[in-house]
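Some notes on the structure that comes next.
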Amino acid sequence: MNNKSTKHTKVLILGSGPAGYTAAIYAARAMLKPILVHGSQPGGQLTTTTDVENYPGYSKVIQGPWLMDEMKGQAVAVGTEMIQDHIKKVDLTDKPFKAEGDSGQTYTADSIIISTGAQARWLNLKSEQNFRGFGVSACATCDGFFFKGKEVAVVGGGNAAVEEAMFLTKFASRVKLIHRRDKLRAEKMLQEKLKANKKIEIIWDSVVEDVLGTTEPKSVNAIKIKNVKDNKIKELKIDGLFIAIGHDPATQLFKDQLEMDKEGYLITKPDSTITNIPGVFAAGDVKDKIFRQAVTAAGMGCMAALEAEKHLSDK
């Protein structure tokens, strides 16, 4: 066990972001000497968010990447070992649990906290990526506030898209919901609410072809949309574009080992981060498709560390 290619820890944390870093802070303070393995871009989705105004504790606007750096620094300061590696295989069938990294390193652990997060699906247009954070967003709850009295568009047709469109009417003067089909996938009750909202206009059978805007200052001012039935292209003047076509949780590694729902989110016990395998915990967007906030992810990271500590001491 003492050869260089195997590293053992009481708590192995997979993934960074608010959930992973908070779990690390609590586990390290409990003297569990956790190891946190993160990919080449640590910090998760918040590193692609610039202005953060809703994380408690800061009266002035803070930057997402800065907040993640601070959390990472705090986790290191209290005794977390941070390792950059890409985990390619996990074996949860036996104790200690095993994880294999691309680096050739094998990690063994008495408990594992999974905080690998999720990623918003994008349209994958070059212009969309160019304006990400400058008028293009995948989170209405995060960024809706910045569009007071402005016109915005939402892309999508499921519950998330409809909820985002309705949420945005609190701030925006008009909301256009763009959907590639001629009917929505969202629940009927939500659809009724949507259609009753005078601020929302639905644009059917259409896809976004291009995002237009200015470079100095960088901001969106229009989008080009194409009608999929007649291929006609038109330009819509808008100030913001919200992409709501779903999220993909990073759970491929755990297929056939951990219980997940049909969308791939890990299932935990109610009010807990405990998965179907004792000693394995899940925190943050990897198990949460409802709130998806930094503060709730951090809260779950804390829960996971405390539950891991209890699990280890009961053993």
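Going from atom CD of Glu53 over to atom OG of Ser59 covers 11.0 Å, rounded to the nearest 0.5 Å. Taking CG of Asn197 as the reference point, atom CD1 of Ile202 lies at 10.0 Å (rounded to 0.5 Å). Taken from CG in Asp143 to CG in Asp51, the straight-line distance is 8.5 Å, to the nearest 0.5 Å. Note that CG of Leu67 is 8.0 Å distant from CD of Glu70, once rounded to the nearest 0.5 Å. Rounding to the nearest 0.5 Å gives a distance of 5.0 Å between CD of Gln293 and SG of Cys139. Rounding to the nearest 0.5 angstrom, the gap separating the CD atom in Glu259 from the OG1 atom in Thr275 is 8.5 Å.
Remark: Arg121 CZ is packed, more than 12 non-hydrogen atoms of other residues, nucleotides or ligands lying under 6.0 Å away. Open room surrounds NZ on Lys10; 12 or fewer heavy atoms of other groups in view lie less than 6.0 Å from it. More than 12 heavy-atom neighbours from other residues, nucleotides or ligands sit within 6.0 angstrom of CG on Asp230. Remark: Lys255 NZ is packed, more than 12 non-hydrogen atoms of other residues, nucleotides or ligands lying under 6.0 Å away. Crowding of Lys199 atom NZ: a count of heavy atoms from other residues, nucleotides or ligands under 6.0 Å exceeding 12. No more than 12 heavy atoms of other residues, nucleotides or ligands lie within 6.0 Å of NZ in Lys33, so this atom counts as exposed by the packing criterion. Environment of OH in Tyr26: sparse, with no more than 12 heavy atoms of neighbouring residues, nucleotides or ligands closer than 6.0 Å. Counting non-hydrogen atoms of neighbouring residues, nucleotides and ligands closer than 6.0 angstrom, the CZ atom of Arg174 exceeds 12 such neighbours.
Not one N or O on the side chain of Ser16 forms a donor-acceptor pair closer than 3.5 Å with the backbone of Pro42. A distance-only check finds a donor-acceptor pair linking the side chain of Ser127 to the backbone of Val211 [under 3.5 Å]. Judged purely by atom type and a 3.5 angstrom limit, Ser103 uses its side chain to pair as donor or acceptor with the backbone of Gln105. Asp85 places a side-chain N or O within donor-acceptor distance of the main-chain N or O of Asp102, the cut-off being under 3.5 Å. A donor-acceptor pair under 3.5 Å is absent between the side-chain atoms of Thr108 and the main chain of Phe97, judged by distance alone.
Ile238 and Leu168 sit in two unconnected hydrophobic clusters of ILVMFWY residues. Membership requires side-chain heavy atoms under 4.5 Å apart, directly or through other members. Linking ILVMFWY residues whenever their side-chain heavy atoms come closer than 4.5 Å, directly or via other members, places Trp122 and Ile225 in the same cluster. Cluster membership for Ile13 and Leu46, using ILVMFWY side-chain heavy atoms within less than 4.5 angstrom, is shared. Cluster annotation: Phe242 and Leu190 are assigned to the same hydrophobic cluster (Ile/Leu/Val/Met/Phe/Trp/Tyr, side-chain heavy-atom contacts under 4.5 Å, transitive). Cluster membership check: Ile267 does not share its hydrophobic cluster with Phe281, using side-chain heavy-atom separations under 4.5 Å among Ile, Leu, Val, Met, Phe, Trp and Tyr.
At a cut-off of 3.5 Å, with distance as the only test, no side-chain donor of Lys234 or Asn227 sits close to an acceptor on the other residue. Between the side chains of Ser272 and Glu307, at least one donor-acceptor pair of N or O atoms lies under 3.5 Å. For the residue pair His311 and Ser111, no side-chain donor N or O sits within less than 3.5 Å of a side-chain acceptor on the partner. Side-chain contact annotation: Gln45 with Asp285, donor-acceptor N/O pair under 3.5 Å present. With no hydrogens or angles considered, no side-chain donor-acceptor pair links Ser173 and Glu151 at under 3.5 Å.
One finds no salt bridge joining Arg181 and Asp205 here, because no Lys/Arg side-chain nitrogen approaches an Asp/Glu carboxylate oxygen to under 4.0 Å. With respect to Asp314 and Lys310, a salt bridge is recorded, a charged nitrogen being found less than 4.0 Å from a carboxylate O. Using a cutoff of 4.0 Å between basic side-chain nitrogens and carboxylate oxygens, Lys126 and Asp210 are not scored as salt-bridged. Taking 4.0 Å as the cut-off between side-chain N and carboxylate O, Lys98 and Glu100 do not count as a salt-bridged pair.
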Stepwise side chain to side chain contact (heavy atoms under 4.5 Å, CB included) test for Leu241 and Glu128: CA-CA 9 Å; Leu241 177 66; Glu128 164 204 52; 5.6 Å; no

Worked verdict on Asn159 versus Glu187 for side-chain hydrogen bond (donor to acceptor under 3.5 Å, both in side chains): CA-CA 7 Å; Asn159 285 353; Glu187 291 161 13; 3.0 Å; yes

Worked verdict on His179 versus Ser206 for side chain to side chain contact (heavy atoms under 4.5 Å, CB included): CA-CA 6 Å; His179 186 43; Ser206 297; over 6 Å; no

Gln41 and Thr47: CA distance, side-chain angles, deciding distance, side chain to side chain contact (heavy atoms under 4.5 Å, CB included) verdict: CA-CA 8 Å; Gln41 290 174 301; Thr47 56; 5.6 Å; no

Criterion side chain to side chain contact (heavy atoms under 4.5 Å, CB included) on Val286 and Tyr265, from CA distance to verdict: CA-CA 6 Å; Val286 79; Tyr265 289 88; over 6 Å; no

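With Leu258 as the fixed residue, the side-chain contact (heavy atoms from CB on, under 4.5 Å) test singles out one of Ile114, Thr268, Thr251: Ile114. Exactly one of Leu177, Ile178, Leu184 qualifies for a side-chain contact (heavy atoms from CB on, under 4.5 Å) with Trp204. That residue is Leu184.
In this structure, the side-chain contact (heavy atoms from CB on, under 4.5 Å) partners of Ile233, at least two apart in sequence or on a different chain, are Glu209, Lys224, Lys226. Partners of Tyr107 under the ring-ring contact (aromatic ring centres under 6.0 Å, His included) rule, at least two apart in sequence or in another chain, do not exist in this structure.
Among all heavy-atom pairs drawn from Leu12 and Ala99, the shortest one is CD2-CB, 4.0 Å. Across Ala75 and Met82, no two heavy atoms sit closer than the pair CB-CE, 3.7 Å. Closest approach of Gly157 and Ala161 over heavy atoms only: N-CB, 3.6 Å. Between Gln191 and Arg185, the shortest heavy-atom contact is NE2-C, 4.4 Å. Across Leu36 and Tyr21, no two heavy atoms sit closer than the pair CD1-CD2, 3.9 Å. Minimum heavy-atom separation, Gln63 to Val52: C-CG2, 4.3 Å.
For the pair Lys289 and His247, the minimum side-chain heavy-atom distance is 4.5 Å or more. Annotation: side chain of Ile200 is in contact with side chain of Thr169 (closest heavy-atom distance under 4.5 Å). Taking 4.5 Å as the limit, some side-chain heavy atom of Phe167 sits within range of a side-chain heavy atom of Thr141. At a threshold of 4.5 Å between non-hydrogen side-chain atoms, the residues His8 and Ile35 do not count as touching. The side-chain heavy atoms of Lys72 and His38, taken from C-beta on, include a pair separated by under 4.5 Å. Between Lys176 and Val154, the closest side-chain pair of non-hydrogen atoms is not below 4.5 Å. Taking the side chain as every heavy atom from C-beta outward, Leu123 and Val207 never approach each other to under 4.5 Å.
When ring centroids are compared, Phe134 and Phe146 stay outside the 6.0 Å threshold.
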